[in-house]
Chemist: 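Sharing a structure below in structure tokens format, with a few things to ask.
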Number of protein chains: 2
Amino acid sequence: MFNRELVKGSTSLLLLQLLLERDMYGYELVKEMDKRSDHQFQIKEGTLYPALHKLEKQAYIECYWQEQPKGPARRYYKITEQGKEVLQEKQDEWQRYVQVMNKVIGRTENDSI
Amino acid sequence: MFNRELVKGSTSLLLLQLLLERDMYGYELVKEMDKRSDHQFQIKEGTLYPALHKLEKQAYIECYWQEQPKGPARRYYKITEQGKEVLQEKQDEWQRYVQVMNKVIGRTENDSI
DNA sequence: CCACCTACCTAGTATTATGAGGTATTTATA
DNA sequence: TATAAATACCTCATAATACTAGGTAGGTGG
């Protein structure tokens with residue numbers, strides 16, 4: 001999605017954020033991310049499922065199957081309390097990161113060696 | 001530096017930006033980056049030199065050796081015209097990226113499915 | 001019937017940041 | 001005089017992770 005390299009590391013932040021709002025299943029997360037970002041973050045399934053499995057292993061999310069009246073069953077993911085804490089840390093880190101980036105690439109007038 | 005994953009992809013942007021301001025040599029770039037970012041971007045030499053060589057191969061930067069009266073010779077890097085164009089694109093992409101990220105992780109009040 | 005969408009998944013590849021190492025010169029210190 | 005530390009360059013192996021390209025299966029529309 002977007003620039004492959006720029007995005008690294010923010011996937012878990014994005015996923016946890018979406019799951020903070022409501023439980024979702026994998027395929028739904030792909031669609032929701034696409035929609036929310038005006039088609040700029042088109043996370044691929046080859047990225048999503050391993051990422052979700054890792055988050056689950058880390059106990060930041062939990063999952064449960066839900067049968068559907070029609071169509072295949074869905075595996076819903078739910079953020080845990082621990083996941084919420086980690087999300088907060090990731091949010092803070094993102095903020096700091098943007099600030100530092102802007103400082104370095106931003107204006108230049110008075111900072112020389 | 002910082003969070004390993006978050007940073008991926010922005011290294012070339014940062015390097016090109018610093019070189020836009022003046023020619024620098026590798027070791028100087030490490031120190032300058034550290035200084036500008038209040039010690040938050042501590043780019044490692046194992047990252048820097050391969051990154052510089054790649055930028056050179058892509059013709060975004062050029063280099064020249066400069067003997068020093070004392071101490072080892074320095075290899076100075078200089079941004080090319082093509083590098084300046086690429087830098088502009090990377091800047092734009094960074095801006096867009098921050099905007100989309102903020103949109104997705106930002107406020108939530110009225111954007112539901 | 002067949003294409004397409006939903007919905008899950010994995011394996012292999014490419015990229016990239018880092019850790020750990022190497023070389024060589026100069027300067028400060030003990 | 002040693003010797004450590006700083007300057008200045010470099011490479012290799014490893015880890016993390018995003019993507020491509022595949023696979024399975026059920027349901028829907030033409």
Side-chain angles (χ1 to χ4, degrees), chain A residues 1-16 23-35 37 40-58 60-61 63-77 90 97 101 113, chain B residues 1-16 23-35 37 40-58 60-61 63-77 90 97 101 113:
Chain A
M1 54 181 176
F2 222 84
N3 175 323
R4 184 192 190 108
E5 289 86 47
L6 213 51
V7 160
K8 284 201 179 179
S10 48
T11 300
S12 56
L13 166 55
L14 290 166
L15 293 178
L16 289 174
D23 295 2
M24 288 193 220
Y25 53 99
Y27 198 78
E28 187 182 11
L29 284 162
V30 173
K31 302 300 173 192
E32 184 67 11
M33 195 91 89
D34 176 73
K35 187 183 160 225
S37 68
Q40 306 227 48
F41 289 166
Q42 298 184 327
I43 189 169
K44 301 306 185 305
E45 293 180 68
T47 304
L48 178 77
Y49 289 108
L52 286 173
H53 297 160
K54 192 184 173 194
L55 287 174
E56 193 190 352
K57 207 169 162 185
Q58 292 170 314
Y60 300 161
I61 60 177
C63 71
Y64 53 94
W65 283 98
Q66 201 169 85
E67 298 298 325
Q68 298 305 116
K70 357 189 105 182
R74 294 167 176 172
R75 188 171 206 167
Y76 277 85
Y77 292 91
K90 284 178 182 289
Y97 178 59
M101 273 294 287
I113 233 175
Chain B
M1 54 184 177
F2 226 83
N3 174 320
R4 186 190 189 107
E5 289 85 48
L6 212 52
V7 158
K8 285 202 178 175
S10 48
T11 299
S12 56
L13 166 56
L14 291 166
L15 293 177
L16 290 174
D23 296 2
M24 288 192 220
Y25 54 99
Y27 199 78
E28 187 181 11
L29 284 162
V30 173
K31 302 300 173 191
E32 184 68 12
M33 195 93 86
D34 176 73
K35 187 182 158 227
S37 68
Q40 306 227 47
F41 289 167
Q42 298 184 326
I43 189 169
K44 301 306 184 305
E45 293 181 68
T47 304
L48 178 77
Y49 290 107
L52 285 173
H53 298 159
K54 192 184 171 193
L55 287 173
E56 192 190 353
K57 207 170 164 185
Q58 291 170 315
Y60 300 161
I61 60 178
C63 71
Y64 54 94
W65 282 97
Q66 201 169 84
E67 297 299 323
Q68 298 304 116
K70 353 190 108 183
R74 293 169 176 171
R75 189 171 205 165
Y76 277 86
Y77 292 92
K90 283 178 183 289
Y97 178 58
M101 271 296 284
I113 235 175

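In the text below, chain A, chain B and the rest are named by the order of the sequence lines, each starting its count at 1.
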Chemist: Expressed in angstrom and rounded to an integer, what is the separation of A:L52 atom CG from C:dT10 atom P?
Modeler: 11 Å
Chemist: Once Watson-Crick and G-U wobble pairs under 3.5 Å are found, how is DNA chain D written in dot-bracket notation, 5' to 3', with | for any base paired to another strand?
Modeler: ||||||||||||||||||||||||||||||
Chemist: For a side chain to side chain contact (heavy atoms under 4.5 Å, CB included) with B:T11, tell me which candidate from B:L14, B:L13, B:L15 qualifies.
Modeler: B:L15
Chemist: With a 4.5 Å cut-off on side-chain heavy atoms, are A:K31 and A:K35 touching?
Modeler: no
Chemist: Evaluate the side-chain proximity of A:S10 to B:Y97: yes if any heavy-atom separation is below 4.5 Å, no if none is.
Modeler: yes
Chemist: Could you tell me if the side chain of A:D23 sits less than 4.5 Å from the side chain of A:Y77, heavy atoms only?
Modeler: no
Chemist: Name all residues meeting the side-chain contact (heavy atoms from CB on, under 4.5 Å) criterion together with B:S12; count only those two or more places apart in sequence or in a different chain, and write none if there are none.
Modeler: B:L55, B:K90
Chemist: Examine C:dT10: is either OP1 or OP2 under 4.0 Å from a nitrogen or oxygen in the side chain of A:H53? Give yes or no.
Modeler: yes
Chemist: Rounded to the Å, how far apart are B:Y64 OH and D:dC9 P?
Modeler: 12 Å
Chemist: Mind calculating the distance between NZ (A:K44) and C1' (D:dG22) to the nearest angstrom?
Modeler: 16 Å
Chemist: Measure from CD on B:Q66 to P on D:dT7 and round the result to the nearest Å.
Modeler: 18 Å
Chemist: The criterion is ring pair (Phe, Tyr, Trp, His ring centres under 6.0 Å); which residues satisfy it with B:Y27, sequence neighbours excluded?
Modeler: none
Chemist: Is there a side-chain polar atom (N or O) of A:T11 under 4.0 Å from OP1 or OP2 of D:dA18?
Modeler: yes
Chemist: Given atom CE of A:M33 and atom C1' of D:dA18, what is their separation to the nearest angstrom?
Modeler: 12 Å
Chemist: Minimum heavy-atom separation for B:S37 to B:M33, with atom names?
Modeler: OG-O, 2.9 Å
Chemist: Which residues satisfy the ring pair (Phe, Tyr, Trp, His ring centres under 6.0 Å) test with B:Y25, sequence neighbours excluded?
Modeler: B:Y76
Chemist: Supply the atom-to-atom distance B:R74 CZ to B:E67 CD, rounded to the nearest 0.5 angstrom.
Modeler: 11.5 Å
Chemist: Round to a whole Å and report the spacing from CG of A:L55 to C1' of D:dA16.
Modeler: 14 Å
Chemist: Closest approach to the side chain of A:T47, judged atom by atom: which nucleotide of C:dC8, D:dC10, D:dA18 is it?
Modeler: D:dA18
Chemist: I want to confirm an ordering. Mapping A:P69 and A:A51 to their closest nucleotides on DNA chain D, which one lands closer to the 5' end?
Modeler: A:A51
Chemist: Tell me: CG of B:L15 to C1' of C:dT16, nearest whole Å?
Modeler: 13 Å
Chemist: Please report, rounded to the nearest Å, how far the P atom of C:dA20 is from the CG atom of B:L48.
Modeler: 19 Å
Chemist: Which parts of nucleotides 2-7 of chain C does protein reach within less than 4.0 Å, heavy atoms only, written one letter per nucleotide 5' to 3' as B for base, S for sugar-phosphate only and - for none?
Modeler: ----BB
